[in-house]
Visitor: 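Handing you this structure, nothing more for now.
As the structure is a prediction and not an experimental result, all values here were calculated from the model.
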Amino acid sequence: MTLIDISVPLTNRTPEWPGDTPFSCRWTWEIAAGDSVNVSAMTLSPHVGTHADAPVHVQNGWSGAEALPLGAFLGRARVVGVPGQTTRLELADLGLGERDPVPARLLLRTGRTVATGTFPEEWPALSESCARSLVAGGLRLLGVDAPSVDPRESRTLDVHRILFGGGACLLENLDLREARDGDYDLVAAPLRVEGLDAAPVRAVLRPFAAS
């Protein structure tokens, strides 16, 4: 079985959003110190590495990570590369027209990923009209290899709001460097952490085999 791990490893070298809580870990108990087991503890923002945002991330009163629908994160997904883009993405940039069927799960490879070990200065994001068209067409999940589905400088997070408002879910900080354009089976379940604004994810692709 061919599997492509599209998760960013969590290490003390994984770049966090500037100002956010980085990943760190320590040993609570150690066999080398005479304890019966090795037990570790870690501290991190749930936005470090590959994660699913929850609606409460952008709006008080919206649902937390425990309410994210698992079905959105499991199933057929399309990977689309948008290399070289630095502006807002329209449907045509995604290989879609106004009348084309919208994939239920869309993963965008921008090439601006923290998987390289550096936090990117900028990355492309959907235009508001493109985001509205995607959710109107039935999009259930948008995933990006960039740190956010909105531009770095955004303070209103309009793409987040449009997608959440339309019932779609979000994945951020994917590592799509080994995933070519095409259709795959996606498994990317978020952890069931109550009330949080995001949840860590282990995301895997398997090349889609049509039945």
Visitor: Between Leu174 and Thr113, which heavy-atom pair has the shortest distance, and what is it?
Guide: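 Taking Leu174 first and Thr113 second, the nearest heavy atoms are O-OG1, 3.2 Å.
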Visitor: Under the side chain to side chain contact (heavy atoms under 4.5 Å, CB included) criterion, do Arg105 and Arg78 qualify, and how do the steps go?
Guide: CA-CA 6 Å; Arg105 299 166 191 84; Arg78 182 176 302 169; over 6 Å; no
Visitor: Work out which heavy atom in His51 is nearest to a heavy atom in Asn173; give both atom names and the distance.
Guide: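 Looks like CE1-ND2, 3.8 Å.
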Visitor: Taking the side chain from Thr43 and the backbone from Cys25, do they hold a donor-acceptor pair closer than 3.5 Å?
Guide: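 No: the side chain of Thr43 does not pair with the backbone of Cys25.
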Visitor: Looking at Thr110, Leu108, Ile6, which one forms a side chain to side chain contact (heavy atoms under 4.5 Å, CB included) with Leu176?
Guide: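 One option only clears the test, and that one is Ile6.
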Visitor: Should the ring pair His57 and His47 be called parallel, tilted or perpendicular, given that the plane angle runs from 0 to 90° and is split at 30 and 60?
Guide: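 Rings of His57 and His47: tilted, as their planes differ by 30° to 60°.
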Visitor: If you count the non-hydrogen atoms of other residues, nucleotides and ligands that lie under 6.0 Å from CH2 in Trp29, is the total more than 12?
Guide: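 Incorrect, the count does not exceed 12.
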Visitor: If we count only N and O atoms by modelled type, under 3.5 Å, do the side chains of Ser24 and Asn12 hold a donor and an acceptor together?
Guide: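 Side-chain D/A pair, Ser24 to Asn12: absent.
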Visitor: Give a yes or no answer on whether the side chain of Asp150 reaches the backbone of Ala125 with a donor-acceptor pair at less than 3.5 Å.
Guide: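 Not a single qualifying donor-acceptor pair exists.
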Visitor: In terms of hydrophobic clusters joined by side-chain contacts under 4.5 Å, are Tyr184 and Leu74 together?
Guide: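 No, separate clusters.
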Visitor: Please determine whether side chain to side chain contact (heavy atoms under 4.5 Å, CB included) holds for the pair Phe164 and Leu170, giving the CA-CA distance in whole Å, both sets of side-chain angles, and the decisive distance to 0.1 Å.
Guide: CA-CA 8 Å; Phe164 283 141; Leu170 310 181; 3.6 Å; yes
Visitor: May I ask whether Val8 and Ile4 are part of the same hydrophobic cluster, defined by side-chain heavy atoms of I, L, V, M, F, W, Y residues being less than 4.5 angstrom apart, directly or through others?
Guide: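 No; Ile4 is not reachable from Val8 via cluster members.
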Visitor: To the closest 0.5 Å, what do you measure between CG (Asp158) and CD (Glu128)?
Guide: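 One finds 4.5 Å between CG of Asp158 and CD of Glu128.
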Visitor: Considering non-hydrogen atoms only, spot the tightest contact between Ala65 and Ala54 and give its length.
Guide: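 Looking at all heavy atoms of both residues, the closest pair is N-CB, 3.5 Å.
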Visitor: Residues two or more places apart in sequence or in another chain: which of them pass side chain to side chain donor-acceptor pair (under 3.5 Å) with Arg109?
Guide: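 Expected list: Asp181.
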Visitor: Working to the nearest 0.5 Å, report the span between CZ of Arg76 and CG of Asp183.
Guide: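 The CG atom of Asp183 is 4.0 Å from CZ of Arg76, to the nearest 0.5 Å.
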Visitor: May I ask you to test the Arg180-Val79 pair for a side-chain heavy-atom distance under 4.5 Å?
Guide: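 A side-chain contact is absent here, since even the closest heavy-atom pair is not under 4.5 Å.
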Visitor: Looking only at heavy atoms, which two atoms of Arg152 and Phe119 are closest? And how far apart?
Guide: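 Heavy atoms of Arg152 and Phe119 come nearest at NH1-CD2, 3.5 Å.
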Visitor: Tell me whether Val149 shares a hydrophobic cluster with Val80, the cluster being built from Ile, Leu, Val, Met, Phe, Trp, Tyr side chains joined at under 4.5 Å.
Guide: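 Yes, Val149 and Val80 fall within the same hydrophobic cluster.
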Visitor: A side-chain contact here means heavy atoms from C-beta on lying under 4.5 Å apart; do Pro103 and Leu96 qualify?
Guide: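 They are in contact (side-chain heavy atoms under 4.5 Å apart), so the answer is yes.
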Visitor: Is a salt bridge present between Arg112 and Asp145, judged by a nitrogen-to-oxygen distance below 4.0 Å?
Guide: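 So Arg112 does not pair with Asp145 through a salt bridge.
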Visitor: Nearest 0.5 Å please: distance from the CG atom of Leu68 over to the CG atom of Leu70.
Guide: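 Interatomic distance, Leu68 CG to Leu70 CG, rounded to 0.5 Å: 8.5 Å.
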Visitor: Might you point out which heavy atoms bring Asp175 and Ser7 nearest each other, and give the distance in Å?
Guide: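 Closest heavy-atom pair between Asp175 and Ser7: CB-O, 4.2 Å.
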Visitor: Counting N and O atoms only, with roles assigned by atom type, does the side chain of Thr118 sit under 3.5 Å from a partner on the main chain of Pro120, one being a donor and the other an acceptor?
Guide: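 No; judged by distance alone, with no hydrogens or angles, the pair does not exist.
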Visitor: Could you state whether Leu89 and Leu157 fall into the same hydrophobic cluster, counting links through intermediate Ile, Leu, Val, Met, Phe, Trp or Tyr residues with side-chain heavy atoms under 4.5 angstrom apart?
Guide: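 Linked, Leu89 and Leu157 end up in one cluster.
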Visitor: Could you walk me through whether Val144 and Leu107 pass side chain to side chain contact (heavy atoms under 4.5 Å, CB included), step by step?
Guide: CA-CA 6 Å; Val144 294; Leu107 309 181; over 6 Å; no
Visitor: When clusters are formed by joining ILVMFWY residues with side-chain heavy atoms under 4.5 Å apart, either directly or through shared neighbours, do Val114 and Leu44 land in the same one?
Guide: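 Hydrophobic grouping puts Val114 apart from Leu44.
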Visitor: How far apart are the closest heavy atoms of Val56 and Asp197, and which atoms are they?
Guide: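 That closest heavy-atom pairing would be CG1-CA, 3.6 Å.
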Visitor: Between atom CG of Asp100 and atom CG of Leu91, what is the distance when rounded to the nearest 0.5 Å?
Guide: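 It is 8.5 Å, given to the nearest 0.5 Å.
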Visitor: Are any side-chain N or O atoms of Trp123 and backbone N or O atoms of Ser148, one a donor and one an acceptor, separated by less than 3.5 Å?
Guide: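 Yes; judged by distance alone, with no hydrogens or angles, the pair exists.
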Visitor: What pairs of donor and acceptor atoms, side-chain ones from residues 132-142 against any protein atom, are under 3.5 angstrom apart with sequence neighbours left out?
Guide:
from: Ser133; atom 1: OG; to: Ser129; atom 2: O; distance (Å): 3.1

Visitor: Calculate, to the nearest 0.5 Å, the distance between atoms CD1 and CH2 belonging to Ile31 and Trp27 respectively.
Guide: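 It is 8.5 Å, given to the nearest 0.5 Å.
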Visitor: I'd like to know if the side chain of Glu172 reaches the main chain of Thr50, judged simply by a donor and an acceptor atom lying under 3.5 Å from each other, with no hydrogens or angles considered.
Guide: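 Here the side-chain-to-backbone pair does not exist.
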Visitor: Could you verify whether a donor N or O on one side chain and an acceptor N or O on the other, from Asp20 and Ser45, lie under 3.5 Å apart?
Guide: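 Ser45 and Asp20 do have a side-chain donor-acceptor pair below 3.5 Å.
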Visitor: Rounded to the nearest 0.5 Å, what separation is found between the CD atom of Glu90 and the SG atom of Cys130?
Guide: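 The SG atom of Cys130 is 6.0 Å from CD of Glu90, to the nearest 0.5 Å.
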Visitor: For residues 199-209, please give each side-chain donor-acceptor pair under 3.5 Å, one per line with the distance, not counting sequence neighbours.
Guide:
from: Arg202; atom 1: NE; to: Asp5; atom 2: OD2; distance (Å): 2.9
from: Arg202; atom 1: NH2; to: Asp5; atom 2: OD2; distance (Å): 2.8
from: Arg206; atom 1: NH2; to: Asp185; atom 2: OD2; distance (Å): 3.3

